[in-house]
Amino acid sequence: MVLTGAEIVIRCLQEEKVEYVFGYPGGAVLFLYDELSKQDTVRHVLVRHEQAAVHAADGYARSTDKVGVALVTSGPGVTNAVTGIATAYCDSIPMVIISGQVPTAAIGQDAFQEVDTVGITRPCVKHNFLVKDVRDIATTIKKAFFLAKTGRPGPVLVDIPKDVSAHKCEYEYPKTVALRSYNPIVKGHQGQIRKALGLLLEAKRPMIYAGGGVVLADAAEKLTKLTRLLGFPVTNTLMGLGGYPATDRQNLGMLGMHGTIEANMAMHYCDVLLAIGARFDDRVIGNPAHFQSEPRKIIHIDIDPSSISKRVKVDVPIVGNLSDVLDDMIKMLESAGDKPNPVQIEPWWKQIEEWRRRECLNYKNSTEVIKPQFVVETLWKITKGDAFVTSDVGQHQMWAAQYYKFDKPRRWVNSGGLGTMGFGLPAAMGVQLAHPGSPVAVITGEGSIQMCIQELSTCKQYRLPIKVLSLNNRYLGMVRQWQQFFHGNRYSESYMDSLPDFAKLAEAYGHVGLRVEKPGDVEGAIREAFSRKNDLVFLDFQVDPTENVFPMVQGGKGLTEMILSSEDL
Amino acid sequence: MRHVISLLLENESGALSRVSGLFSARGYNIESLTVAPTEDSSLSRMTIVTSGSDDIIEQITKQLNKLIDVVKVVDISEAAHIERELMLVKVRATGKDREEMKRMADIFRGRIVDVTESSYVIELTGTQDKLNSFVGAIDKDLILETVRSGVCGVGRGDRVLKI
């Protein structure tokens with residue numbers, strides 16, 4: 001069957017069972033858009049900015065186990081998309097981005113809307129391709145999807161010149177793909193796994209530290225099973241929230257810069273640490289020298305060998321798919337009938353309970369002014385912890401992570417690695433499209449939401465009943481917090497003056513906007529928002545502008561050196 | 001410590017910049033980088049001379065392996081190996097210097113590959129040390145131009161980098 005390049009692209013997307021393509025048309029992708037309009041299996045979602053297209057594809061991927069797909073035009077189309085691509089790269093999100101390029105004859109001629117897409121995106125993709133021949137389109141797209149979702153997942157970009165999408169050739173979608181240079185290890189080394197179990201069973205102060213890899217590998221159930229089997233404490237990273245039920249007694253909460261006392265102390269003073277799909281990020285362990293000052297044996301399971309022994313030395317490395325490795329561990333434990341002796345770790349649990357009694361996430365609620373933590377807690381109560389929650393970046397993100405208890409994986413969608421403001425709303429669009437009947441909330445701030453607020457228009461077009469909860473403190477809160485702590489209260493440029501009336505703005509886009517000023521109105525407002533099943537509701541909470549995120553580990557400090565409240569400053 | 005890393009990569013446009021971009025993005029040091037196709041036209045072989053602690057070299061190797069275009073990576077300086085570099089030196093060769101230059105080239109087993117009334121081009125191959133010694137041994141004022149290829153290397157004996 002002879003088809004044009006554009007027809008082939010659409011056929012390939014159909015073969016990959018792509019439901020949604022998030023994109024924005026332009027000159028270099030006109031043939032592709034023409035073909036999109038002639039079919040209805042692959043649905044196109046028109047965003048208002050290319051950054052949002054990629055974030056929406058990202059949100060779609062994070063909340064499902066599928067590959068997100070974005071389509072953008074050449075030049076400014078693809079440069080706008082770069083922030084989204086880098087966001088997905090940092091958090092290892094499977095995604096395929098198709099970009100248009102100027103015609104092959106014009107490449108290198110500084111043509112209108114020409115940019116070296118492959119060059120610009122190279123450092124922030126898992127891999128990228130420039131397709132110079134129509135006969136290569138099908139195999140390249142097959143490779144792109146294969147690369148995006150296997151091994152350590154990530155974004156893969158396919159750049160297609162305009163003339164290539166118009167050329168014709170015989171079409172056949174390859175059934176298999178072989179890349180001689182790409183053979184990710186799936187099965188963990190059995191000897192190493194045995195060694196790891198040996199260490200775990202002897203541990204007196206064990207700790208499990210689980211990251212976003214658990215969620216990505218769909219290994220949450222297995223992590224839960226293993227953790228319960230062992231009876232050990234567990235902590236989740238920001239990216240790993242939902243990888244183990246937050247409300248379970250064995251979960252010590254999130255660790256790191258804004259982690260709980262019990263998680264950070266246990267992470268520091270454990271004698272055997274089992275790290276699973278987590279990479280000892282600077283926001284997680286603070287100062288690596290301080291972290292390594294305490295002797296402990298570290299077992300590290302990860303699909304990516306380069307994540308092992310990158311920031312801290314590891315004693316037992318296990319490279320493999322987390323789901324398979326955890327399976328092996330569970331089987332070995334069960335078949336040997338070996339169980340850790342609960343008596344052996346009893347003093348450790350006693351110590352942990354002591355730390356826990358400090359109740360470090362307690363905050364002083366108020367009847368005068370809305371506390372941001374209270375808004376998140378109320379959201380959790382009302383949605384029974386079952387909502388998909390996306391967030392932007394800043395104080396509200398940390399409060400969301402601390403006060404919304406995620407019991408299930410893929411419910412928490414946030415930009416962890418890159419820390420991208422503007423991520424929340426477009427990501428929520430992808431989540432809502434993937435889960436049409438489910439409650440989807442965006443926890444944001446007045447600073448973050450303005451980075452992609454134009455997407456309220458997309459939400460209108462596709463009738464996405466997202467609930468936007470803006471914790472409006474009239475400041476770039478996290479910047480303000482750091483300026484208060486470390487820059488002598490000089491709030492340089494962190495004050496958001498001349499803010500719009502967000503409720504009216506939402507109304508102008510055709511949505512429902514509510515401004516909430518009193519603590520007594522918080523619960524009613526959230527209930528009303530979720531009772532409006534078909535409307536996007538924008539809740540503009542006027543929260544306490546002086547509230548800070550605690551506990552906090554200052555950058556460069558050790559995990560045990562936490563600031564617990566303003567009095568510690 | 002100094003390391004010589006050899007790798008095979010897909011002979012595709014952009015593959016070289018993926019490797020060099022990796023080094024610049026992660027702040028690794030590149031002393032020299034040599035690349036050319038192999039007997040298998042689909043593969044290029046690259047030799048990178050770099051330096052760093054054991055941890056850094058481990059990360060470099062892992063990160064290189066992670067690149068999709070990279071087929072195989074070996075640190076050939078881990079065991080006995082041969083290193084060679086090619087240098088072309090254009091020197092002023094007049095009067096008594098002319099005879100002296102010829103003599104120095106002979107001592108270092110160089111070959112004079114271009115002759116004019118006032119200059120020679122001397123071709124030398126060997127280890128980096130040997131080439132450095134040659135440059136050190138001749139009068140600096142007489143050097144008009146030097147050009148060096150960067151190191152290429154191969155393991156001794158049965159150690160073979162092949163797919």
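By convention in this document, chain letters (A, B, ...) are assigned in the order of the sequence lines, proteins followed by strands, and residues within each chain are numbered from 1.
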Evaluation steps, side-chain contact (heavy atoms from CB on, under 4.5 Å), between S307(A) and K66(B):
CA-CA 11 Å; S307(A) 278; K66(B) 208 164 125 181; 5.7 Å; no
Residue list, ring-ring contact (aromatic ring centres under 6.0 Å, His included) with H127(A), at least two apart or on another chain:
F129(A)
R283(A) CZ: over 12 foreign heavy atoms closer than 6.0 Å
no
Can you tell me how far the CG atom of L9(B) sits from the OG atom of S181(A), to the nearest 0.5 Å?
9.0 Å
Who are the side chain to side chain contact (heavy atoms under 4.5 Å, CB included) partners of D75(B), not counting sequence neighbours?
H3(B), I5(B), I57(B), S77(B), E78(B)
Please state whether the side chain, the backbone, both or neither of K132(A) comes within less than 4.5 Å of a heavy atom of chain B.
side chain
Write down the atom of P305(A), the atom of K62(B), and the distance for their closest heavy-atom approach.
O-NZ, 3.0 Å
Against chain B, label L130(A) side chain, backbone, both or neither, depending on which of its atoms sit under 4.5 Å from a heavy atom there.
neither
Which residues in residues 96-119 of chain B have any heavy atom closer than 4.5 Å to a heavy atom of chain A?
none
Can you tell me how far OG of S306(A) sits from CD1 of I60(B), rounded to the nearest 0.5 angstrom?
12.5 Å
Using the rule given for side-chain contact (heavy atoms from CB on, under 4.5 Å), can you reason through N128(A) versus R18(B), listing the C-alpha separation, both sets of side-chain angles and the distance that settles it, and then say yes or no?
CA-CA 10 Å; N128(A) 57 16; R18(B) 286 184 210 279; 2.9 Å; yes
Could you tell me which portion of S13(B) (side chain, backbone, both or neither) has an atom closer than 4.5 angstrom to a non-hydrogen atom of chain A?
side chain
Toward chain A: residues of residues 29-52 of chain B with heavy atoms under 4.5 Å
D40(B), S42(B), L43(B)
Hey, is NZ on K142(A) packed in by over 12 heavy atoms from elsewhere, all under 6.0 Å?
yes
For atom NZ of K187(A), is the number of surrounding heavy atoms from other residues, nucleotides or ligands below 6.0 Å larger than 12?
yes
With rounding to the nearest 0.5 Å, note down the distance linking CG in L179(A) to CD in E10(B).
8.0 Å
Point-to-point distance, once rounded to the nearest 0.5 Å, from CG of L147(A) to CD1 of I68(B):
4.5 Å
Please flag which part of E12(B) lies under 4.5 Å from any non-hydrogen atom of chain A: side chain, backbone, both or neither.
neither
At a heavy-atom separation under 4.5 Å, does L22(B) approach chain A through its side chain, its backbone, both, or neither?
neither
Which residue out of R122(A), K310(A), K126(A) racks up the most heavy-atom pairs below 4.5 Å with chain B?
R122(A)
Output for pair (S309(A) OG, D54(B) CG), nearest 0.5 Å, gives 12.0 Å
